[in-house]
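See below for the structure under consideration.
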Amino acid sequence: MEHSSAKDTVDEKFAVGGGVRDVYGEDCATEDQLVTPWTVSVASGYSLLRDPHFNKGLAFSEREREAHYLRGLLPPAEISQQLQEKKTLQNIRQYQVLLQKYMALMDLQERNERLFYKLLIDNVEELLPIIYTPTVGEACQKYGSISRHPQGLYISLKEKGRILEVLRNWPERTIQVIVVTDGERILGLGDLGCQGMGIPVGKLALYTALGGVRPSACLPITIDVGTNNEQLLKDEFYIGLKQKRATGQEYDELLEEFMTAVKQNYGEKVLIQFEDFANHNAFNILFKYSTSHLLFNDDIQGTASVVLAGVVAALKLVGGTLAEHTFLFLGAGEAGTGIAELIALEMSKQTKAPLEETRKKIWLVDSKGLIVSSRKNSLQEFKKPWAHEHEPLADLISAVKAIKPTVLVGSSGVGKTFTKEVVEAMASFNEKPLIMALSNPTTQSECTAEEAYTWSKGRAIFASGSPFDPVEYEGKTFVPGQSNNAYIFPGFGLGLVISGAIRVHEDLLLAASEALAGQVTQENYDKGMIYPPFSNIRKISAHIAANVAAKAYDLGLASRLPRPQNLVKYAESCMYSPVYRSYR
């Protein structure tokens, strides 16, 4: 007995999301709109129960069980998606170890996609630290031994010359977002090689849950060029290439072939998001391909956008304009220089001063001390714009005392570097020092929320990269902000998709920051928060998407015409809904 797909003709409402065909009926989901779960011919419901796109478990109705040969393959009870969600959440909460919770969620994603996303959307604040930082870091370290089903695409040096062929092995033809890593600098944990796949998988789960990009349009990719991690090279269970990392021409040629193949296979409008590449490669790739591809580096641009939003929001609490503040960064890698550049750009836009001038309000400290002009000859290219006139200073505390910054940002990947002396110095010349300890995971954070509030006697405004619990200090409760890229990239990506953008312009990053800062309410400010709570993330993402899309239309970068009248409503209408569909 065969079932044929009823999706051969797709009306306009199935073509939302940048005009990409909605094969699975994932968008515009309503219970009463019937869909056919078969995209291939099948003879038994057995395979339907093993297809995560369509499996509903015990939520299949009597009529569906009859029509799709499921009789006897399921216990007789019929329960709702809400009840399944309640049961699954209870099961996950019973695990004491975060990594076990992570594995349970990944299993659910492989078994029942809609239930996984429903759970994630409805419990985002509880589950985000499991799907993403800090737990995803540990998951990557142990990825070889915990991953049960291969997820995403692995492109290694073995596939050189055949990358297009490999892309065509992926079952979905219409891809809107690719997240790719080469595993060289995973969070603050270093080179994890092929095991870095946990990052693209986790990021794309957030693209769907928080930004509403449909799962079938997301593709996680790991490029494996080897690893320099001796521990992994000696590990008999390591899942990647057992060789030292390829560099130079060999690396560049593989990347070039990959970028060309992606464009050839998926077209001009596929967003390629780079994650956790080492500094030298990240900057080179961004510089080389941003004019020919729709390219976004989350570590450089996403981090910058979310931090700028936090700083702009914090101005309501500390007073003054952006240009009146002085910034000091610990860490001058991708994140540090990316954030600094976007802040300088926003200052320049606000004051009409040239970028060269506004950069002088921002100082960076790297492993050798304050970046100053006398060091210029020995600096890497991306650090040179930040070498200002000043005597050399060897460490952070000397720099804090000399520069007297109003904002201290940590992006060093090294934990416990904002010491008591540093925080006390910040509090000595600032009524409300803004302290942002951004390194992930929690163990690498420059200081904890409790340390920041206690050492500043409750005066600091604090945000971190990984989540910290609220802190009680002298009878007052402080809620630390989480300067998490997950605020920005899902909405940013959705904005690019719905407008059919063909390039990422820096003004789009500023538009995303502005939209995020605008979502912080007075109630949030009263608690000392400079970011809105994650519980409203889909609404926040829709506003970010609308602002980004509007700017893309203004700059002539959008290809989806005509421009929708109400972009916020349009963004919301394009968002994936994980509610179960009824099957014919």
Side-chain angles (χ1 to χ4, degrees), residues 1-8 10 14 17 20-31 33-81 83-85 87-88 91 103-121 147-153 167-177 197 201 204-205 207-209 212-220 576-584:
M1 179 68 180
E2 293 198 342
H3 301 259
S4 63
S5 170
K7 275 269 171 261
D8 297 334
V10 179
F14 282 108
V20 173
R21 197 162 162 266
D22 182 11
V23 183
Y24 295 108
E26 292 166 294
D27 299 340
C28 328
T30 59
E31 274 288 338
Q33 201 174 1
L34 295 172
V35 296
T36 305
W38 309 110
T39 47
V40 290
S41 299
V42 287
S44 160
Y46 188 77
S47 39
L48 177 57
L49 291 177
R50 274 149 189 76
D51 186 336
H53 280 310
F54 299 117
N55 178 28
K56 301 198 286 188
L58 291 178
F60 280 107
S61 68
E62 281 295 312
R63 194 173 53 78
E64 289 169 334
R65 293 180 193 208
E66 193 62 55
H68 296 293
Y69 308 96
L70 294 166
R71 286 244 170 260
L73 298 180
L74 288 166
E78 186 187 326
I79 64 174
S80 66
Q81 191 177 18
L83 206 57
Q84 284 180 320
E85 188 182 351
K87 175 183 151 191
T88 311
N91 290 346
M103 289 165 70
L105 282 166
M106 289 297 107
D107 275 351
L108 178 63
Q109 188 181 14
E110 287 296 321
R111 196 172 65 245
N112 182 336
E113 194 176 78
R114 283 179 182 272
L115 184 57
F116 169 77
Y117 285 114
K118 184 91 171 71
L119 193 69
L120 196 47
I121 290 165
S147 116
R148 296 171 191 184
H149 314 265
Q151 291 172 292
L153 269 184
L167 291 178
R168 287 179 177 154
N169 286 345
W170 188 250
E172 306 297 345
R173 292 285 165 263
T174 47
I175 299 295
Q176 294 171 332
V177 183
M197 181 56 102
V201 167
L204 285 167
Y207 254 112
T208 298
V213 177
R214 53 180 183 256
S216 66
C218 295
L219 173 55
Y576 166 80
S577 161
V579 176
Y580 286 148
R581 315 300 301 274
S582 299
Y583 300 153
R584 288 186 177 83

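What you see is a predicted model; the values in this text were computed from it and never measured. Values reported hereafter were calculated over all heavy atoms of this structure, with side chains retained and with hydrogens, waters and symmetry mates removed.
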Notebook entry, point to check: What closest approach, in Å, do I121 and P578 show between heavy atoms, and which atom pair accounts for it?
Noted result: CD1-CG, 3.7 Å

Notebook entry, point to check: To the nearest 0.5 Å, what is the distance between CG (N55) and OH (Y580)?
Noted result: 7.0 Å

Check: Quick check: does any side chain N or O of R111 sit under 3.5 Å from a backbone N or O of M106, one acting as donor and the other as acceptor?
Finding: no

Checklist line | Atom pair NE2 (H68) and OG (S47), whose distance is rounded to the nearest 0.5 Å | finding: 11.5 Å

Checklist line | Straight-line distance of L120 CG to T208 OG1, nearest 0.5 Å | finding: 9.0 Å

Note to self: To the closest 0.5 Å, what do you measure between CZ (R114) and CD (Q109)?
What the structure shows: 14.0 Å

Next item on the list: Check the pair E110 / R50 against salt bridge (charged side-chain N to carboxylate O under 4.0 Å, His left out), numbers first and verdict last.
Entry: CA-CA 9 Å; E110 287 296 321; R50 274 149 189 76; over 6 Å; no

Check: Looking only at heavy atoms, which two atoms of Y207 and C218 are closest? And how far apart?
Finding: CB-SG, 4.5 Å

Margin query: Quick one: does any side-chain atom of E172 pair with a main-chain N or O of P215 as donor and acceptor, under 3.5 Å?
Written below: no

Check: Does any N or O in the side chain of E64 come within less than 3.5 Å of the main-chain N or O of L70, such that one atom is a donor and the other an acceptor?
Finding: no

Notebook entry, point to check: Minimum heavy-atom separation for F54 to F60, with atom names?
Noted result: O-CZ, 3.7 Å

Margin query: Which heavy atom of L73 sits nearest to which heavy atom of Y46, and what is that distance?
Written below: CD1-N, 3.6 Å

Notebook entry, point to check: What's the verdict on side chain to side chain contact (heavy atoms under 4.5 Å, CB included) for Y583 and K56, showing C-alpha distance, side-chain angles and the deciding distance?
Noted result: CA-CA 11 Å; Y583 300 153; K56 301 198 286 188; 4.0 Å; yes

Notebook entry, point to check: Between H149 and D107, is there a donor-acceptor pair closer than 3.5 Å when you use the side chain of the first and the backbone of the second?
Noted result: no

Notebook entry, point to check: Going from OG1 on T174 to CZ on R214, what distance comes out if it is rounded to the nearest 0.5 angstrom?
Noted result: 6.0 Å

Checklist line | Closest non-hydrogen atom pair between P76 and R65, with its separation | finding: O-NH1, 3.6 Å

Note to self: Using every non-hydrogen atom in the two residues, find where L58 and A77 come nearest and quote the distance to one decimal.
What the structure shows: CD2-O, 3.6 Å

Notebook entry, point to check: How far does CD of E78 sit from CG of L83, to the nearest 0.5 angstrom?
Noted result: 11.5 Å

Notebook entry, point to check: What's the verdict on side chain to side chain contact (heavy atoms under 4.5 Å, CB included) for L105 and L119, showing C-alpha distance, side-chain angles and the deciding distance?
Noted result: CA-CA 9 Å; L105 282 166; L119 193 69; 3.8 Å; yes

